[in-house]
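From a predicted model like this one, the values you see are computed outputs, not experimental measurements.
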Number of protein chains: 2
Amino acid sequence: MENKKKSTIKDIAAVLGLTPSAVSKALNDHPRISDKTKKAVKEAAIQLDYQPNYLSSALRKGKSNLVGVIIPRVNSHFFSSVVENIEKVLNLNGYNIIMTQSNELYAKECQEIDTLLKIQVDGIIASMANETTDLEYYQKIKSKGTELVLFDRGEEELNVDYVGIDDYKSSHLVVDHLVSQGCKRIAHIAGFNHIRIYKERIRGYKDALEKWNLALKYNWIIESNLRIEDGRRIMQQLLDAPEWPDAVYVAGDIAALGALQVLLENNIKVPEEIALIGFSDEPFTSLTQPSISTINQHSDQIGKLAAEAFLERINNPKKKTVNRIILQPELIIRQSSSKLLK
Amino acid sequence: MENKKKSTIKDIAAVLGLTPSAVSKALNDHPRISDKTKKAVKEAAIQLDYQPNYLSSALRKGKSNLVGVIIPRVNSHFFSSVVENIEKVLNLNGYNIIMTQSNELYAKECQEIDTLLKIQVDGIIASMANETTDLEYYQKIKSKGTELVLFDRGEEELNVDYVGIDDYKSSHLVVDHLVSQGCKRIAHIAGFNHIRIYKERIRGYKDALEKWNLALKYNWIIESNLRIEDGRRIMQQLLDAPEWPDAVYVAGDIAALGALQVLLENNIKVPEEIALIGFSDEPFTSLTQPSISTINQHSDQIGKLAAEAFLERINNPKKKTVNRIILQPELIIRQSSSKLLK
DNA sequence: TATTTTTGTTCAATCGATTGAACAAATATA
DNA sequence: TATATTTGTTCAATCGATTGAACAAAAATA
């Protein structure tokens, strides 16, 4: 309750006997303002604890220096790490981010987009909810002239900048490794085929099986939301069938954890009887017993590159070409798939 | 790139042959505007896809309708659930939230506060970082006239609205239950004593031991950051000592998970040889083998009440009294502390 | 009919910062 | 000395919405 007054450029102008516009120019290092005045103004600004009014300058300049980030859920190391890195890069460039989560719900996602457009963010960096198939709201972002960058979950037809990993190749890494461990009957607990990244993982999985002349059984590709309960349910389902796989490739770590729980509860030796590989390198994968092999998606890089893609677009508004940055996945081999590490 | 034009009240006014101010008043249901005009204006607004310019109205009204939420980390069910509920309540009341995380770092926290004050949020709802002992930045929020509500981790001397649980009582629930299970040598993997909530848990633990005439061993109270590696390290330390506890009460679930891992790695039967209880009811506590007993902190309620405390303060700016809302903790008994459930 | 009240709208200032144009003073050039 | 150039500052409009005061027209009252 001490100094509620909040000083403005007017106050500074009054103290120094200048006009507000001179003060504004001095603070913005306008070339026509003398060094002496600039110095005096900046000192007075500090004296008066002056903070520029963000709203007024945003209004005048027509930009808010705010960037919205929409992620499916916050409670995931991958997404929170991406956001952290987006924030790091953008803060350095004078932007602040507004983080929102869709909870994997299309309706929530639309609402978040509306909110972000309402508060006039300069751009939106997003990863789409599992549910999302209708791209209308994303078209809306573009049609309003707001920049849009997608990462991880993004559709090509939107024709915007995208940062992700090579999901097709990830599956090859997984299958190649499992084959090298002697596995021949590899099942895939997959994400939904209507989402590009999961579709790519499925495609890579199929092609890799074919590459190694392994049989492709369609009831060994089971799509789901990849929550922990999905992993549990589907693993149980696989065990209930007459023929067991000798390896399971899960398109998400959380679901892989669920699968692992069921395997252990059934006293199945991992990896000896059934090997297991997840996806995303969530921290807990290194902490389970046995630890879970997984794919590193380079979340830090993704965040950094997504932020840089946004900045580049802001700085070159007339740029027409679209960037698609595809990072190389990395297989992290742990106990759940390697007899040697056991 | 279709309709970049973004219509304003001017456009509506031009279409209807009115002045911008009449349009503004019509949209805000001013009593002196005829119903006929109001209807026409509202229809035209829809026709032109008019969206009020948030920045200008915020500037004029002197409020942004934005609320900053600072949490130590996003990657925790407790905090993300609180945020979700804050958001739910505030969205209904026309506010949007900006979520930021301090990563438990004091420096980051200060920076986040500066950012939020810069973009002129109407209030800040925060839970303090583990590192924070200097309250200067929080004083700053108040002195700028921005509303402040704390939850979970908050200090009384700041004299602001607070929502949390009764941490002292939580420890009693834990100790009472452990005693009922026949435990007599209860250790406490604690949070730092300089943070009020952890201090309260320690105090409750001590008093509860005394209540049951159990010996209090000071080297069985070990403070830490409560990360997973802290739980592991301290559990190992307890096992390396000559006398083992027969129960361990951990002030955080993540650290409890680390402790559980070490117990299992050492083939110690949980709860028969050593019982274990965590804190916060993180989802994974029900998924481990054995599942971990823990304290439910009512994160949904905390979020809702914190948001409501903010709203009440905004609506009654002259209100002087401070609300301290203390919820009752609930002990969730699972396998790690109950021989019956094993 | 004259006067007051009510109703519907416009006028003009405002929020705080920004910016091109205008202007005056100082300095340089012809 | 007269003119052109540079320099430092002020003027005034602007971003879009809001709001109290002012005003004119319509309706109600005396």
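Atom-to-atom, CD1 of Ile9(B) to C1' of dT19(D) comes out at 12 Å; the value is rounded to the nearest Å. Here dG8(D) presents its P atom at 16 Å from CG of Leu16(A), a figure rounded to the nearest Å. Taking atom NE2 of residue His30(A) and atom C1' of nucleotide dA17(C), one finds them 15 Å apart after rounding to whole Å. Per the geometry, NZ belonging to Lys38(B) stands 9 Å off P belonging to dG8(C), to the nearest Å. Regarding Asp35(B), its CG atom lies at a distance of 10 Å from the P atom of dT9(C), rounded to whole Å. For the pair Leu55(B) CG and dT18(D) P, the interatomic distance rounds to 13 Å; values are reported in whole Å. As a whole-Å value, the separation of Asn53(A) CG from dT18(C) C1' is 12 Å. Between the C1' atom of dG16(C) and the CD1 atom of Ile12(A) lies a distance of 12 Å, rounded to the nearest Å.
Using a 4.0 Å cut-off, no side-chain N or O of Asn28(B) falls inside it from OP1 or OP2 of dA17(D). Using a 4.0 Å cut-off, no side-chain N or O of Ser24(B) falls inside it from OP1 or OP2 of dG16(D). Phosphate contact (OP1/OP2 of dT9(C), side-chain N/O of Ser34(B), threshold under 4.0 Å): present. Contact between the side-chain N/O atoms of Tyr50(B) and the OP1/OP2 oxygens of dA17(D) is found at a separation under 4.0 Å.
Mapping Pro20(B) and Thr19(A) onto DNA chain D by nearest heavy atom places Thr19(A) closer to the 5' end of the strand. Position along DNA chain D of the nearest nucleotide to Ala22(B) versus Gly17(A) favours Gly17(A) as the more 5'-ward residue. For the pair Thr37(B) and Lys61(B), both in contact range of DNA chain C, the more 5′-proximal nearest nucleotide belongs to Thr37(B).
Salt-bridge check for Lys304(A) with Glu308(A): passed, with a basic side-chain N closer than 4.0 Å to an acidic carboxylate O. Using a 4.0 Å cut-off between charged nitrogen and carboxylate oxygen, Lys108(A) and Glu131(A) do not count as a salt-bridge pair. Taking 4.0 Å as the cut-off between side-chain N and carboxylate O, Lys140(A) and Asp49(B) do not count as a salt-bridged pair. Lys42(B) has a carboxylate O that lies under 4.0 Å from a charged side-chain N of Asp29(B), or vice versa, which qualifies the two as a salt bridge.
Glu112(A) pairs with exactly one of Ile124(A), Leu117(A), Ile98(A), Thr100(A) by the side-chain contact (heavy atoms from CB on, under 4.5 Å) rule, that one being Thr100(A).
Backbone-only engagement by Pro52(A) is indicated by non-hydrogen atom pairs under 4.0 Å involving sugar-phosphate atoms exclusively. Contact annotation for Leu18(B): backbone-only contact, meaning every heavy-atom pair under 4.0 Å involves sugar-phosphate atoms and none involves a base.
If you check dA12(D), dT19(D), dG16(C) against the side chain of Ser21(B), the one that comes closest is dT19(D). Nearest nucleotide to the Arg60(B) side chain, out of dA13(D), dT10(C), dA13(C): dA13(C).
In terms of polar N and O atoms assigned as donor or acceptor, the side chain of Lys25(A) comes within less than 3.5 Å of the base of dT10(D) in a complementary pairing. Looking at Thr8(B), its side chain has no donor and acceptor atom pair within 3.5 Å of the base of dC15(D). A donor N or O paired with an acceptor N or O is not found under 3.5 Å between the base of dC15(C) and the side-chain atoms of Ser56(B).
Between the side chains of Ser24(B) and Ser21(B), not a single donor N or O lies within less than 3.5 Å of an accepting N or O.
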